[in-house]
Amino acid sequence: MFESLARYFRVDRHDLVYLKFILEAYEGLATLSTVEREGAIVRIGYPHFSGGDLDALLHALGKEITMTEVPQPASCTGLLPIIPSGKGACHAG
């Protein structure tokens with residue numbers, strides 16, 4: 001089994017469906033789940049080996065929609081050490 005990592009983003013509510021559609025189009029790259037409905041914070045979970053591809057996709061998406069990376073919410077359980085890029089990680093649940 002592969003190690004799962006996660007990144008968290010604040011996304012405009014109007015862009016959530018589009019973001020989920022694009023991520024799901026790249027089957028196996030990442031999954032999206034809502035962490036905080038009011039603040040429109042989403043969790044993007046991904047296998048460690050797809051981090052580079054995910055970075056490239058998120059960079060391209062950032063030119064189309066407003067996405068702001070945020071710290072890992074306190075509600076996230078199963079904390080792992082900080083990954084080398086400085087982004088928080090947590091086990092995919």
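The structure presented is a predicted model; accordingly, all values stated were derived computationally and were not measured.
We find that R7 and D55 are joined by a salt bridge, their nearest charged nitrogen and carboxylate oxygen being less than 4.0 Å apart.
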Quiz prompt | Evaluation steps, side chain to side chain contact (heavy atoms under 4.5 Å, CB included), between Y8 and V42 | solution = CA-CA 6 Å; Y8 298 86; V42 297; over 6 Å; no
Quiz item: Given Y46 and D53, is the side chain to side chain contact (heavy atoms under 4.5 Å, CB included) satisfied, shown in steps?
Solution: CA-CA 10 Å; Y46 60 99; D53 292 333; over 6 Å; no
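Rounded to the nearest 0.5 angstrom, K20 NZ and D15 CG are separated by 15.0 Å. Separating the CD1 atom in I41 from the CZ atom in R10 is a distance of 4.0 Å, to the nearest 0.5 Å. Here the CD atom belonging to E64 is positioned 3.5 Å from the OH atom belonging to Y18, to the nearest 0.5 angstrom.
Legend: residues meeting side chain to side chain contact (heavy atoms under 4.5 Å, CB included) with Y26, ordered by chain and number and at least two apart, are I22, L29, L57. Listed by chain and residue number, nothing satisfies the side chain to side chain donor-acceptor pair (under 3.5 Å) test with E36 (two or more places apart in sequence, or in another chain).
Minimum heavy-atom separation, M67 to L61: SD-CB, 4.2 Å.
I65 and F21 fall within a single hydrophobic cluster, where Ile, Leu, Val, Met, Phe, Trp and Tyr side chains are chained together by heavy-atom contacts under 4.5 Å.
Residue V11 is tested with L16, L32, I44, T66 for a side-chain contact (heavy atoms from CB on, under 4.5 Å); the sole match is L16.
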